[in-house]
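As structure tokens, the structure follows; a few thoughts come after it.
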Amino acid sequence: MSLTFGWQSPSNIALVKYWGKRDPQLPSNPSISFTLDACHTQTRATFEPGQGIEVTLNGMGTPSFVPKIEQFLGRIQHRHPWLADYHLSVDTFNSFPHSSGIASSASGLSALALCVVDAAQAFGHSLLESDSRREASILARLGSGSASRSLYGGLVVWGQTPTVPGSHDEYAISYPHDVHPVFQDFRDIVVLVDVGQKAVSSTAGHALMEGHPFAAQRFEQAHAHMRALESILATGDLPAFLELVENEALTLHGLMMSSNPSYILMRPNTLAILEAIRRFRTETGTPIGFTLDAGANVHVLFPASAEQSAMPFVREVLAPLAKNSQFLTDRVGSGPVPL
Ligand code: PMV
């Protein structure tokens, strides 16, 4: 019997960053992210008795993706041994331009994890984790840590930390505390500074946290930031929020610059953009800030209420600093949807 399942699943952007891990893909510190909306992947997976994997990306056969999916299936095999008896065809569409520098692993792997969980249930295999969304978060995590957070909308926590009840290293949960409405419709404009392949992969970066001279302090700091966020998120304290989130972004890159070997993923225009954002905030009082992931692109964050002043600034000042003036317009989203 052949069965097809489809999911649309979003990317996410971390506010407190996961950086450093231990086997099997467990985080060295807690993280929290905004789930995105426009940046998503749509995946249809067809399971039929047999062997092998076929992949299309945006309608084109993409054999170069087969090893990545093979590796993912290998990592989740112990929870889904039935997969060994199935041929898998994966048809996947990314809403954001391929090679835009936006990682598709969070959206792509969370979408595929949801398809695997649906298939397991349809074929009558019981799940190790009775909550199917949680099972998908565990599977996505085994593929790529940050993918575990794409299974839920809004603010999502991955990694055990004392101030977030229910938080866990093996899966993500929806942020359980009160959130001020100002954070419910946040914008994320991704200014594309460098659209090429990253010089150093996240996998290599995580590994460099082992033996990093600042590792212990960093992991402590992430817990402290999670604690501090509780009242910031509840009261809607935007200045404190932007200060903390920017500190996290610069800390992430500071860790890269102080690892052994050290490396730099920011480009000159990344810094120019960060400085322009801070200057604009000081001069106009607009609650706008930035975060970075492990790359040169800048995520520009502001509440919906600041859009009128922030968007002209993005178009007129930031876009000219981007590669081919490119930016993506996104906002906080509500999580995966079945297709
Ligand atoms: O999920 P990975 O292994 O690609 O690591 C992602 C790490 C950061 O994006 C830099 C931070 C995060 O928490 O998403």
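In listed order, ligands and their atoms are each counted from 1. Note that the structure is a prediction, hence the values are computed from the model and not measured.
Here the rule is side-chain contact (heavy atoms from CB on, under 4.5 Å) with Leu301, and of Ile277, Val332, Thr291 only Thr291 fits it. Of the residues Leu112, Leu109, Thr92, the one that meets the side-chain contact (heavy atoms from CB on, under 4.5 Å) test with Ile69 is Leu112.
Atom 1 (O) of ligand 1 has its closest protein heavy atom at Ser146 OG, 2.6 Å. If you check which protein heavy atom lies closest to atom 8 (C) of ligand 1, you get Tyr18 O, 3.9 Å. Shortest contact from atom 9 (O) of ligand 1 to any protein heavy atom: Asp293 CB, 4.1 Å.
Nearest to atom 3 (O) of ligand 1 by heavy-atom distance, out of Lys21, Gln25, Met256, His206, is His206. Of the candidates Leu252, Thr291, Leu292, Leu252 brings a heavy atom nearest to atom 10 (C) of ligand 1.
The distance from ligand 1 to the heavy atoms of Gly145 drops below 4.0 Å at these ligand atoms: 1 (O). The distance from ligand 1 to the heavy atoms of Ser202 drops below 4.0 Å at these ligand atoms: 4 (O). Atom numbering of ligand 1 starts at 1 in the shown order; those under 4.0 Å from a heavy atom of Ala14 are 12 (C), 13 (O), 14 (O). Close contacts of ligand 1 with Ser144, meaning ligand atoms under 4.0 Å from a residue heavy atom, involve 1 (O), 2 (P), 4 (O).
Pairs passing the ring pair (Phe, Tyr, Trp, His ring centres under 6.0 Å) check and including a residue from residues 252-295, sequence neighbours excluded, read Phe280-Phe313.
Defined by atom type and a distance below 3.5 Å, a donor-acceptor pair is present between the side-chain atoms of Ser110 and Ser9.
In this structure Asn29 satisfies the side chain to side chain donor-acceptor pair (under 3.5 Å) test with no other residue, sequence neighbours excluded.
Remark: aromatic rings of Phe123 and Tyr86 are close, center separation under 6.0 Å.
The shell of residues lying under 4.0 angstrom from ligand 1, judged by heavy atoms, includes Arg149.
The aromatic rings of Phe241 and Phe34 sit tilted, their planes meeting at an angle between 30° and 60°.
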